[in-house]
Student: 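Please read through the structure below; I'll follow up with questions.
All values below were derived from every heavy atom in this structure, side-chain atoms included, with hydrogens, water molecules and symmetry-related copies excluded. Here is the naming used below: chain letters follow the sequence lines, and residue numbers restart at 1 for every chain.
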2 protein chains.
Amino acid sequence: MENCTPSLDTAFHALADPTRRAVISRLMTGPAPVKELAEPFSIGLPAFLKHLRVLEESGLIATEKSGRVRTCRIRPKRLLDAETWLSEQRALWQAGADRLAAYVENQMTEDNDE
Amino acid sequence: MENCTPSLDTAFHALADPTRRAVISRLMTGPAPVKELAEPFSIGLPAFLKHLRVLEESGLIATEKSGRVRTCRIRPKRLLDAETWLSEQRALWQAGADRLAAYVENQMTEDNDE
DNA sequence: CATTTAGTTCACCACATGGCAAACAATGAT
DNA sequence: ATCATTGTTTGCCATGTGGTGAACTAAATG
């Protein structure tokens, strides 16, 4: 249940943008060149490349240039790191839920908004 | 496997800061007033309140003021939303892994770096 | 009432982010 | 050799972020 700060910062930050999440989703189905990745979006290439750089520096993706085309692929490890942190937090919460079962039951019933 | 943009943006962004993640971790063990939450950190109250506001507007926590003390508690739903998105992505990846078992095996062996 | 305590608001600052346009490689195709 | 394709770099700009210090409100406490 560490707070292993340095990598989670960049990973969560990278995920906090719809364009970048869409790129992640796309790459989950297999590698792709930059142009194909950028196609669905209405932004220019320079802006899109910035997103790719954020993703790469966060360790969520890896890119490799062969000829004039740069191919991007997913890097599942960092995704798993983020997921692990979240599930650890949930485990922490459930431990507290066991301690204060009745109180938490009350919290949940008033938490069904939105 | 939606990209349900609006809430994930703010949730992931809120999680992209070590101070805010530490607050989340602390609140997982039960509610706490602002002063107690701010104590472990070396930043001033105004800065800390900004973090709390980010957390609250992201829906990750809820706060309630009683008398002169504002009590903060966790809101597990948004945490679960983020965790769900991540696990959906992983499922997507595993589907691709089934399709291209051999290729992905190759990818994993060259992904043991860092 | 006077004072500490807890939180809030305000003005300000340095810096990162996300976007653009435009010019510049470098490779593949004709 | 020419030319289209695919990135890449460079300025530039508006906005958001994370921090500060100082002034202020409101509730317990003596």
Side-chain angles (χ1 to χ4, degrees), chain A residues 3 5-27 30-73 78 82, chain B residues 3 5-27 30-73 78 82:
Chain A
N3 229 24
T5 324
S7 60
L8 285 180
D9 281 13
T10 54
F12 279 128
H13 171 249
L15 292 172
D17 182 284
T19 299
R20 293 193 289 255
R21 281 200 307 280
V23 169
I24 293 283
S25 277
R26 164 63 187 83
L27 287 181
V34 170
K35 192 205 175 187
E36 180 187 330
L37 287 176
E39 227 165 39
F41 307 102
S42 54
I43 66 177
L45 258 190
F48 186 77
L49 285 181
K50 279 192 194 177
H51 286 301
L52 278 190
R53 191 168 303 263
V54 169
L55 284 170
E56 188 170 13
E57 285 179 355
S58 77
L60 287 169
I61 73 171
T63 78
E64 193 182 355
K65 193 164 183 178
S66 157
R68 76 180 158 181
V69 45
R70 174 174 297 276
T71 305
C72 308
R73 61 185 175 80
R78 283 296 157 80
Chain B
N3 230 21
T5 324
S7 60
L8 285 180
D9 281 13
T10 54
F12 279 128
H13 171 249
L15 292 172
D17 182 284
T19 300
R20 294 193 289 256
R21 281 201 307 279
V23 169
I24 294 283
S25 276
R26 165 61 188 84
L27 287 181
V34 171
K35 192 203 176 189
E36 180 187 330
L37 287 176
E39 227 164 40
F41 307 102
S42 54
I43 66 177
L45 258 191
F48 187 76
L49 286 181
K50 280 191 193 176
H51 286 301
L52 279 190
R53 191 168 303 266
V54 169
L55 285 170
E56 188 170 14
E57 285 178 356
S58 77
L60 288 170
I61 72 171
T63 78
E64 194 182 354
K65 195 164 183 178
S66 158
R68 75 180 158 180
V69 45
R70 175 173 296 275
T71 305
C72 308
R73 61 184 177 81
R78 283 297 157 80

Student: So A:Thr63 and A:Leu55, do their side chains get closer than 4.5 Å, heavy atoms only?
Tutor: no

Student: Would you grab the first and last nucleotide of DNA chain D (5' to 3') that comes under 4.0 Å of any non-hydrogen atom in chain B?
Tutor: D:dT17 to D:dA28

Student: Sequence neighbours excluded, which residues qualify as side chain to side chain contact (heavy atoms under 4.5 Å, CB included) partners of A:Ala47?
Tutor: A:Ile43

Student: Can you pull out the residues from residues 43-53 of chain A that lie within a 4.0 Å heavy-atom distance of DNA chain C?
Tutor: A:Ile43, A:Gly44, A:Pro46, A:Ala47, A:Lys50, A:His51

Student: Do B:Glu36 and B:Arg26 sit within salt-bridge range, that is, some charged N less than 4.0 Å from a carboxylate O?
Tutor: yes

Student: With side chains defined as the heavy atoms from C-beta onward, is the minimum distance between B:Phe41 and B:His51 less than 4.5 Å?
Tutor: no

Student: Would you mind reporting whether B:Arg78 and B:Ser58 have side-chain heavy atoms less than 4.5 Å apart?
Tutor: no

Student: Across nucleotides 23-30 of chain C, 5' to 3', mark each nucleotide with B, S or - according to how protein heavy atoms within less than 4.0 Å reach it.
Tutor: ----BS--

Student: Which residues pass the side-chain hydrogen bond (donor to acceptor under 3.5 Å, both in side chains) test with A:His13, sequence neighbours left out?
Tutor: none

Student: For a quick test of reading the model, state the closest non-hydrogen atom pair linking A:Val69 to A:Pro33 and the distance between them.
Tutor: CG2-CB, 3.4 Å

Student: Quick one: CG on A:Leu49 to CZ on A:Arg70, what's the gap to the nearest 0.5 Å?
Tutor: 8.5 Å

Student: Using 0.5 Å steps for rounding, measure from the OG1 atom of B:Thr19 to the CZ atom of B:Phe48.
Tutor: 8.0 Å

Student: Is there a side-chain contact between A:Ser66 and A:Thr71, using heavy atoms and a 4.5 Å cut-off?
Tutor: no

Student: State, with a plain yes or no, whether a side-chain heavy atom of B:Asp9 is found less than 4.5 Å away from one of A:Arg21.
Tutor: yes

Student: Hey, does B:Leu52 have a side-chain heavy atom less than 4.5 Å from the side chain of B:Val34?
Tutor: yes

Student: Starting at the 5' end of DNA chain C and moving along, which residue's nearest nucleotide shows up first, B:Val34 or A:His13?
Tutor: B:Val34

Student: Using whole Å, what does the distance between atom P of nucleotide C:dT4 and atom NZ of B:Lys35 come to?
Tutor: 14 Å

Student: Is there a side-chain contact between B:Leu60 and B:Leu15, using heavy atoms and a 4.5 Å cut-off?
Tutor: yes

Student: Which angle, to the nearest 10 degrees, lies between the helix axes at the two ends of the helix from C:dC1-D:dG30 to C:dT30-D:dA1, each defined by five pairs?
Tutor: 20°

